[in-house]
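Below: the structure, in structure tokens.
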Amino acid sequence: MSGKVVVNRCMSLDGFIAGPGHSMDWEDGRALADFVAPDDFAEIAGATGAMLVGRRTWEVGARMAAEKPDSRDYPFSGPMFLLTHRPLEPPNPHVTVLTGDIGEAVATALDAAGGKDLEILGADVAGQCLQQGLIDEILVYVLPVLLGDGIRFSSPGVGRTGLQPISSTRSGDATILRFGVRTQSEQTG
Ligand SMILES: NC(=O)c1ccc[n+]([C@@H]2O[C@H](COP(=O)([O-])OP(=O)(O)OC[C@H]3O[C@@H](n4cnc5c(N)ncnc54)[C@H](OP(=O)(O)O)[C@@H]3O)[C@@H](O)[C@H]2O)c1
């Protein structure tokens with residue numbers, strides 16, 4: 001059985017998934033893992049079988065890892081797929097580079113997830129997936145901060161999308177919201 005395709009995001013209360021200049025500093029240098037209860041973080045990572053990541057998200061992650069090598073990371077070590085038009089320099093043997101059709105990329109990564117969920121990381125990549133009706137669920141960690149400016153949850157081109165509330169849970173200093181994405185027929189019906 002196939003897992004779900006899940007857009008996984010943390011977000012400020014005013015709807016930004018990163019600050020100006022792609023900053024991921026949410027409050028005094030706290031990373032996402034510092035807001036969420038460790039058990040919840042581990043449970044969500046445990047349900048994840050693969051990740052599909054956009055190139056800009058990858059570059060922001062690489063920059064953060066270089067700046068703060070000791071920061072707590074997402075406890076995930078499964079297959080990682082990177083969507084990009086450019087080769088990685090230097091190549092990373094643990095990452096599969098994909099390019100082109102978003103539907104094929106999602107199918108490839110979901111297959112590698114081995115029945116677990118596929119996480120989609122990156123606003124542009126998630127937007128393409130939403131436009132193509134490829135997303136089953138959206139999981140948002142709402143963080144207790146107003147950023148005022150930055151990278152918005154939705155990228156241009158993502159139209160009105162009906163969602164079905166699944167759950168809302170307080171986790172440490174974050175609130176975890178889950179929504180199912182209605183299918184095209186549910187949206188128009
Ligand atoms: N708060 C959170 O939880 C969270 C999670 C993830 C990301 N973010 C933030 O979101 C921002 C990044 O999102 P973003 O929307 O700017 O970019 P993104 O979705 O991470 O990456 C977009 C890039 O991926 C490549 N790409 C996308 N689709 C492709 C396709 N079909 N084929 C080949 N390459 C493709 C292109 O790069 P090239 O053409 O250059 O190769 C494109 O410019 C960052 O600020 C990051 O920190 C936040």
Side-chain angles (χ1 to χ4, degrees), residues 5-27 29-36 40-41 44-45 48 50-68 71-76 80-92 95-110 117-135 137-158 171-179:
V5 181
V6 181
V7 169
N8 184 316
R9 296 275 173 80
C10 61
M11 185 184 81
S12 65
L13 182 60
D14 53 348
F16 295 103
I17 63 164
H22 299 282
S23 164
M24 297 291 280
D25 184 355
W26 300 101
E27 182 192 86
R30 283 172 91 189
L32 171 62
D34 302 321
F35 288 89
V36 181
D40 291 329
F41 219 41
I44 292 165
T48 302
M51 286 190 183
L52 179 61
V53 187
R55 181 67 185 251
R56 260 192 304 273
T57 296
W58 182 270
E59 285 172 355
V60 170
R63 187 185 75 196
M64 286 165 62
E67 285 171 3
K68 282 194 171 182
S71 68
R72 275 207 289 150
D73 206 359
Y74 196 47
F76 171 80
M80 189 82 87
F81 295 85
L82 173 65
L83 260 174
T84 183
H85 299 98
R86 300 168 285 135
L88 268 182
E89 295 292 349
N92 183 329
V95 177
T96 304
V97 171
L98 300 175
T99 193
D101 186 79
I102 190 71
E104 285 176 21
V106 167
T108 300
L110 186 59
D117 294 346
L118 168 65
E119 275 188 17
I120 306 290
L121 296 181
D124 172 75
V125 170
Q128 292 179 55
C129 292
L130 282 164
Q131 283 174 287
Q132 298 285 322
L134 299 169
I135 302 297
E137 198 171 302
I138 296 176
L139 185 159
V140 184
Y141 306 91
V142 180
L143 302 185
V145 60
L146 302 172
L147 287 185
D149 195 7
I151 311 297
R152 293 181 183 282
F153 182 91
S154 260
S155 51
V158 177
S171 175
D173 286 344
T175 305
I176 302 177
L177 306 178
R178 289 178 184 266
F179 296 91

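Start at 1 and go down the list; that is how both ligands and their atoms are numbered. Values in this document were obtained by computation on a predicted structure and should not be read as measured data.
Between the side chains of Ser12 and Asp14, a donor-acceptor pair is found at a separation under 3.5 Å.
Atom CZ of Arg55 is surrounded by more than 12 heavy atoms from other residues, nucleotides or ligands within 6.0 Å.
Counting only heavy atoms from C-beta outward, the side chains of Glu27 and Val145 never approach each other to under 4.5 Å. Side-chain contact check for Leu121 versus Asn8: some heavy-atom pair is nearer than 4.5 Å.
With sequence neighbours excluded, no residue forms a salt bridge (Lys or Arg N to Asp or Glu O under 4.0 Å) with Arg9.
Smallest separation of non-hydrogen atoms from Trp58 and Val95: CH2-CG2, 3.3 Å.
A heavy-atom cutoff of 4.0 Å around ligand 1 is satisfied by the protein residues Arg9, Cys10, Ile17, Ala18, His22, Met24, Trp26, Gly54, Arg55, Arg56, Thr57, Val60, Leu83, Thr84, His85, Arg86, Thr99, Gly100, Gly122, Ala123, Asp124, Val125, Gln128, Ile151.
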